[in-house]
Amino acid sequence: MSEGRYILLLSLHGLIRGTAVELGRDEDTGGQVTYVLDLARALGEQDDVGRVDLVTRQVIDPALAEDYAREEERLSDKVRIVRLPFGPQRYLRKEALWPHLDHAVDRVLHYLRQQQRLPDVIHGHYADAGYVGVQLSHLTGLPLIHTGHSLGRCKRRRLLDAGRKAGRIDHLYQFPRRFAAEEEVLREADLIVTSTRQEISRQWGLYDNFPEGAFVVIPPGTDTSRFSPPGVGWQGRSVRNAVAPFLRDPGKPMILAIARPDARKNLIRLVEAYAASPALRARANLAIVCGNRDDISALPEEQKEIYTQLLLALDRHDLYGSMALPKHHEQSEVADYYRAAARSGGVFVNVALTEPFGLTLIEAAASGLPIIATHDGGPQDIVANCRNGLLVDPLNTAEISAALLDALTDRRRWQGWVRSGRAGVRRHYTWQAHVDKYLRQTDILLRRHRKRLRREQVAFTQGVDLPLVASLLVSDIDNTLLGDAASLRELMAWLEAHRQMGFAVATGRSLETTLKILRQWKVRRPDILISSVGSEIHYGRTLKQDLGWASHIRYRWRRAEVQQLLDHLPGLCLQPAENQREFKLSYYLESDHAPDLREIRAELSRHRLYARLIHSQRIFLDVLPVRASKGQAIRYLAYRWGLPLERILVAGDSGNDREMLVGDTLAVVVGNHSEEIADLAGHERVYMARAHHAAGILEGVRHYGFPGFASAVAAPTAAGLKACVP
Ligand code: GLC
Ligand code: MG
């Protein structure tokens, strides 16, 4: 394997493969898929990049090509697509992936564990991978880059504006989960990549954690290899033939628009603007390349409407002989349209009502064709970067006319636009330009990261003395392990008889009270004690603390400041001193008076403080470093220990157990659980026991078919795993 940076890209939904990408096959296989493939390839071409893994979901679905089932697909010697299974095998639309993302975290972790080295950076794409990326970055300590691609808050607004019902769309598109993931990644990512400046203000600006965001604008590269100015011998015969029937004087400069027949593209107003100016009509032709049509009356309603309006406008203003509206065009002819317009000394025009990016403007610029475009996000950046035309208000017909005429009048300036447009595309809109900037930014992150590592001396790699066991039981203490003496004795006897099964506790208690209560109940000293809600790990034999974990979770933890802030909030009352630890700040919460968790989170964000809030049994509120929780502690141990998560049986009863119950671990929720985790019923690999306390754990042991329980009824999801359980 070559050295150099190792970049892990996560893009979880849609159909990704290296060749014959099925763009548009479904809603989730579109721009983002192209983007991540292009990015992966472009990164792979850089000398100082050693390896790029593009991780996506493995899909085994008879309705789809087998390509999506392949675990690995090489795109080049350095770049590969890695497909990891999570959730059901069949294809799922992205909104249906949310319940499976904790498994995705665990699968990626497992994959990383098998590689010779950890990546240098994790880069998530879209909210789902953002969620996974945040967890992975907490666990591994690796820097996190994120690209939103599209944001939930904008989509929800659009749907509400279109008259959709909030309740229905929230359910259908899982907005609450998506927003939470987007808020979290906004806070946690070391860098957020956007395509335009406007994406930062108008889109990310809608989020609570916006002030936390570390943004950089890096427009995606566009494949401009197809687009170049007309060369000396260029003829463009097919385009000439296509517009010839419409134009009296085809030699005049061509005002060219290429757009889908879509109301947002504002094409009718373009015709009005052209028609309104006799000088413009005298000087130039107008050509609108807009979809393909045979029989307008047979088209979908919106397209029918647009073509009808266009033809009516043509007729109304008597634009016969000066306006072309070709019926058909091939994708391959598009480049020649730009060339034809460039050769004629014309301009490209895009006066869409809104234009977040504006790909056609970049294609035009690459073809040596100046542009007139809407004063909005994408075009603003393009004109600023390329200096190749004018911006207009898309609602102002007179302004559009004037700008078109103006652009066609000054030939010297026109020539300048042609030159700087082409140079601007090379400098800002190629994938090479993209990865140059991307790698400059990642280097800054990596330098910062290395400094931090030296300070923290974190080591996911550092060895510790862990018991040699083949599987592990991790149990919560209060109301799970303890509560019923008879079944506890039975469980302990089973553990005694099966020493290959390690024993750990994970509790909200401190180490001292943990040891005390275990003694009282005559429970043997566990191999590992995860205490204070996951913020401390001690090894049972020596009671040595895992300092690697301590320094790992210290990240961004400013305990005193967090406490100062929370102490002032109503309904929050500090727990007694013995419950307070270096990495755990605990309150009693009076739910009637206290702000809800989202508000508390927002309050912390406003003060640029980072913490994980864990609410349990209604009254407890634990505030921990972002990287700490029982679940994260278990993953950290599993990773260092090399023990697959599916060999870890976790048992719990309340909110502070949630994180360890979801994901790849085998989970059992005891019958006497609190209401706050009742929703885990039906989760993959979560078994809801009927029996209470230790009897519930034993029921889980039996359910998953651990040794000594021959009559085991294995859960369907665990069936395949039984083989791993000794
Ligand atoms: C234990 C701890 C307490 C914590 C609670 C919930 O009761 O003593 O500090 O808030 O668990 O995690
Ligand atoms: Mg408990």
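Every value quoted in this text rests on a predicted model; they were computed, and no experiment measured them. Start at 1 and go down the list; that is how both ligands and their atoms are numbered.
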- Query: Name of the Asp476 N, O or S atom nearest the Mg ion (ligand 2)?
  - Reply: OD2

- Item | salt_bridge(Glu188, Arg556) N-O dist < 4.0 Å | yes

- Item | Proximal atoms of ligand 1 relative to Val533 (non-hydrogen, under 4.0 Å) | 12 (O)

- Query: Quick one: which ligand 1 atoms are inside 4.0 Å of a heavy atom on Ser586?
  - Reply: 9 (O), 10 (O)

- Task: Flag the pair Leu566 / Val562 as yes when at least one side-chain heavy-atom distance between them is below 4.5 Å, and no otherwise.
- Result: yes

- Message: Could you check whether Lys630 pairs with Asp476 (Lys NZ or Arg NE/NH1/NH2 to Asp/Glu carboxylate O, under 4.0 Å)?
- Response: yes

- Query: So is Gln617 in contact with ligand 1, going by heavy-atom distances below 4.0 Å?
  - Reply: no

- Looking at atom 4 (C) of ligand 1, what's its closest protein heavy atom, distance included? Asp622 OD1, 3.3 Å

- Parallel under 30°, tilted from 30 to 60°, perpendicular over 60°: which one fits the rings of Trp557 and Phe583? tilted

- Item | Closest protein heavy atom (residue, atom, distance) for atom 9 (O) of ligand 1 | Gln575 OE1, 2.5 Å

- Salt-bridge contact Glu183-Arg601 (side-chain N to carboxylate O under 4.0 Å): no

- Is the shortest N/O to N/O distance between Arg509 and ligand 1 below 3.5 Å? no

- Task: May I ask you to test the Thr140-Leu109 pair for a side-chain heavy-atom distance under 4.5 Å?
- Result: yes

- Hey, which atoms in ligand 1 end up nearer than 4.0 Å to a heavy atom of Ser616? 6 (C), 12 (O)

- With atoms numbered from 1 as shown, which atoms in ligand 1 lie under 4.0 angstrom from a non-hydrogen atom of Asn656? 6 (C), 12 (O)

- Which of the atoms of ligand 1 are close to Phe620, meaning less than 4.0 Å from one of its heavy atoms? 5 (C), 6 (C), 7 (O), 10 (O)

- Message: One thing to verify: whether Asp102 and Arg635 come together as a salt bridge, which I'm taking to mean a side-chain N less than 4.0 angstrom from a carboxylate O.
- Response: no

- Note on the structure: Heavy-atom nearest pair, Leu481 first then Ser475, reads CB-OG, 3.7 Å

- What atom name does the N, O or S atom of Asp653 nearest to the Mg ion (ligand 2) carry? OD1

- Atom name, Asp478 (N, O or S, nearest to the Mg ion (ligand 2)): O

- Can you tell me the protein heavy atom closest to atom 2 (C) of ligand 1 and the distance? Gly508 O, 3.3 Å

- Query: Short list, please: which atoms of ligand 1 are under 4.0 Å from a heavy atom of Asn579?
  - Reply: 8 (O), 9 (O)

- Can Arg178 and Glu95 be counted as an ion pair, charged N to O under 4.0 angstrom? no

- Query: Taking C-beta and beyond as the side chain, do Ser532 and Ser510 meet within less than 4.5 Å on heavy atoms?
  - Reply: yes

- Quick note on ligand 1: atoms under 4.0 Å from a heavy atom of Lys584 include exactly 3 (C), 9 (O)

